[in-house]
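Not measured: the values here are computed from a predicted model. FYI, side chains are in, hydrogens and waters are out, and symmetry mates aren't considered; it's all heavy atoms of this structure. By convention in this document, chain letters (A, B, ...) are assigned in the order of the sequence lines, proteins followed by strands, and residues within each chain are numbered from 1.
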Amino acid sequence: MSEQNDLVKRRFEELEEIKAHGINPYPHRYDVTSDSKAIITSFTDPQNEEETEAQKQVTVSVAGRIMAIRKMGKATFCHIKDSTGKIQIYLKRDDVGEDAYGIFKLLDIGDIIGVKGFVFRTKTGEVSIHAHSFELLCKTLKPLPVVKEEITETGEKIIHDAFADVELRYRQRYIDLIVNDHVKEIFIKRTKIIQSIKRTLEDQKFFEVETPTLQSIYGGANAKPFVTHHNALDIDLYLRISNELFLKRLVVGGFDRVYEFVRDFRNEGIDRTHNPEFTQVEWYQAYGDYFDSMNLFEEVVEKACIAVNGKPEATYSGTVLNFSSPWKRVRMVDAIKEKTGLDVTNTDKAALIDFMKANNYEFDPKIAHSKGLLIANLFEVACEEDLVQPTFIYDFPIDTTPLCKPLREYSMQQLEEMKKDPEQVIYAERFEPYAYKWELGNSYTELNDPVLQRKLLEEQVERGRGGEEETHPLDEDFLNAIEVGMPPTTGVGLGVDRLVMLLTDSQSIRDVIFFPLMRPQ
RNA sequence: GGGACCGUAGCUCAGUGGUAGAGCAUCUGCCUUUUAAGCAGAGGGUCGGUGGUUCGAAACCACCCGGUCUCACCA
């Protein structure tokens, strides 16, 4: 049960005292007629006695949480906070009555009250409410961290004793939100970003859908899943690592433009940019290719940035990122050539490995069988760190994904010959958008050739049996859908949490997720 | 999983071997336009946990718990 320190004990005593006065400390409702922001922005100073008197006749009713109390004998100032901001309340014994004033003395920082009164400006210049009456709406039992704000003569706001313990902030986010204004701002921006993305997609006639979180076969990405169990069916199920294969089924079913915001779950490490559950938006557009997706991706992000920052620029860790379209577009092999000087298109695999070893570009020996994977690896270790301004990297080796179409420039015969030669790298119409060195998403001209699709997925399963981790089991029903026929299609996945981080200058993914995963205490 | 660092009052933090401190918050008194309100006084701690070293541990050592950063992992 709750620990009984002196502060809590005292509040229980106050609670009993309030009840003893016949007051319900937890009433059912309260009529709110205004809010702190509206009151402060709409206030105009009276020009004469008449106007002053007239203002006193107008009663407002507000409600909020007490954030500061300054008792001065028979009068008290306090600040209450509502969802729009803070406003000062001026409360005199002679106005509210001796009994009520006595009750007010039993209130604490954190308690929620309703106040009725008129608006005025104090001697020191703050627009405030002169209370006729107040009503206790919730007596609180736990003390709130005391955070004090000082406004300097230059108008700067200094926060004293900020509630800063990161662990406590994440574990008790409700307290974080109450006392740290900037935290609430970030989450308001998060929602605005999501709304903006939806608006951009809806304007382009994309249709919002919902697909399963619980899946009997996981796929669409390369990641370790969370496993759970369904009792009635007595089967193991997986929490989705991606919704890609289901959205494609819907395109097969005739939904030409679909999108879904989903929580994906990946059973992997936790760090500054990874949480086990995270949010992605994926959209699929029939009859388009990956260039269409680049265009739309730029538009989606630029508009989201404007929605929260008022301009297509965001400052992250002191670096100004310009999301104005068009973004830079660079082929992966060109990015490698520019950075390392190596033209991988006329380098054989052995020479590539030598080059990487000679230049200390690390790679996992398990990928050494594939020239394509080596190239993708070289790109990651050599080039990613330079991708600060928004950039599309495109044309990935096909070995990096089984779900993407090869480049259109290959003839069918050429492709057949290339497949036989391990020195030949087939490139696929895949791109990844980068900003501040992070992958912001992933996109393909989707593979809709059922024969090649089956072959690539079967190869992946084979590699899985060969010990390569994190490949997924063969999804026969998905292959069936592709055999039923999917129109030419392009699809995009966008990492919402990382985008929110970039647009709100947040240093950890935990700062943009209300309740990040923490080890239970 | 490796490495570095952190855990002291409700909150923010000082305290490096001699028995626990400050500011805010809380409580009492004064104060009817204050705003980090002020003035005077008071209470509040198993110093993350367990073991060890020592005459003596918040401090030193070991292990454990929780966290932060970082590396590894991560399409």
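Across all strands, A/Ile158 comes closer than 4.0 Å to no nucleic acid atom at all (heavy-atom distances). Within 4.0 Å (heavy atoms only), A/Phe163 reaches sugar-phosphate atoms of the nucleic acid but no base atom. Residue-level contact check: A/Phe396 touches neither bases nor backbone, having no heavy atom under 4.0 Å from any strand. In this structure, A/Glu13 reaches neither bases nor backbone, as no heavy-atom distance under 4.0 Å exists between it and the strands shown. Here A/Thr401 lies out of heavy-atom contact (under 4.0 Å) with every strand. A/Glu439 comes within 4.0 angstrom of the backbone, heavy atoms only, and of no base. Counting any heavy atom pair closer than 4.0 Å across all strands shown, A/Ala162 reaches sugar-phosphate atoms only and no base atom. Contact annotation for A/Glu380: no contact, since no heavy-atom pair falls under 4.0 Å across all strands.
Under the side-chain contact (heavy atoms from CB on, under 4.5 Å) criterion, A/Thr152 pairs with A/Thr154, A/Glu156, A/Ile158, not counting sequence neighbours. The side-chain contact (heavy atoms from CB on, under 4.5 Å) search around A/Glu149 returns A/Lys86, A/Lys157, A/Ile159, A/Asp181, not counting sequence neighbours. With sequence neighbours left out, the side-chain contact (heavy atoms from CB on, under 4.5 Å) criterion links A/Thr84 to A/Asp35, A/Ser36, A/Lys37, A/Asp82. The side-chain contact (heavy atoms from CB on, under 4.5 Å) search around A/Asp399 returns A/Ser370, A/Leu373, A/Pro397, not counting sequence neighbours.
Closest to the side chain of A/Glu150, from the set B/U12, B/A36, B/U26, is B/A36. Across B/U34, B/C31, B/A75, the shortest atom-to-atom separation from the side chain of A/Glu432 is found for B/A75. Ranking B/U34, B/G10, B/A75 by closeness to the A/Val146 side chain, first place goes to B/G10.
If you check distances only, the side chain of A/Thr124 never reaches the base of B/U33 with a donor-acceptor pair under 3.5 Å.
For A/Gln88 and B/U34, the CD to C1' distance is 7 Å, given to the nearest whole Å. The distance from atom CG of A/Asp176 to atom P of B/G10 is 19 Å, rounded to the nearest whole Å.
Here B/A59 sits opposite no nucleotide as a Watson-Crick or G-U wobble pair (both hydrogen-bonding atom distances under 3.5 Å).
Taking 4.0 Å as the cut-off between side-chain N and carboxylate O, A/Lys105 and A/Glu17 do not count as a salt-bridged pair. Classification of A/Glu14 and A/Arg10 as a salt-bridged pair holds, one side-chain N sitting under 4.0 Å from a carboxylate O.
Ring pair A/Tyr316/A/Trp438 is perpendicular by interplanar angle, where above 60° counts as perpendicular and below 30° as parallel.
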List, with names and distances, any nitrogen or oxygen atoms from the protein found under 3.5 Å away from nitrogen or oxygen atoms belonging to nucleotides 67-70 of chain B.
{"residue": "B/G67", "atom": "OP1", "partner": "A/Arg171", "partner atom": "NH2", "Å": "3.2"}
{"residue": "B/G67", "atom": "OP1", "partner": "A/Arg519", "partner atom": "N", "Å": "3.1"}
{"residue": "B/G67", "atom": "OP2", "partner": "A/Arg519", "partner atom": "NE", "Å": "3.4"}
{"residue": "B/G67", "atom": "O4'", "partner": "A/Glu167", "partner atom": "OE1", "Å": "3.2"}
{"residue": "B/U68", "atom": "OP1", "partner": "A/Arg510", "partner atom": "NH1", "Å": "2.3"}
{"residue": "B/U68", "atom": "OP2", "partner": "A/Arg510", "partner atom": "NH1", "Å": "3.4"}

N/O to N/O distances under 3.5 Å, protein versus nucleotides 37-44 of chain B:
{"residue": "B/A37", "atom": "OP1", "partner": "A/Lys148", "partner atom": "NZ", "Å": "2.3"}
{"residue": "B/A37", "atom": "OP2", "partner": "A/Arg70", "partner atom": "NH1", "Å": "3.3"}
{"residue": "B/A37", "atom": "N6", "partner": "A/Lys71", "partner atom": "O", "Å": "2.8"}

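Taking atom P on both nucleotides, B/G66 is separated from B/G49 by 15 Å, rounded to a whole Å.
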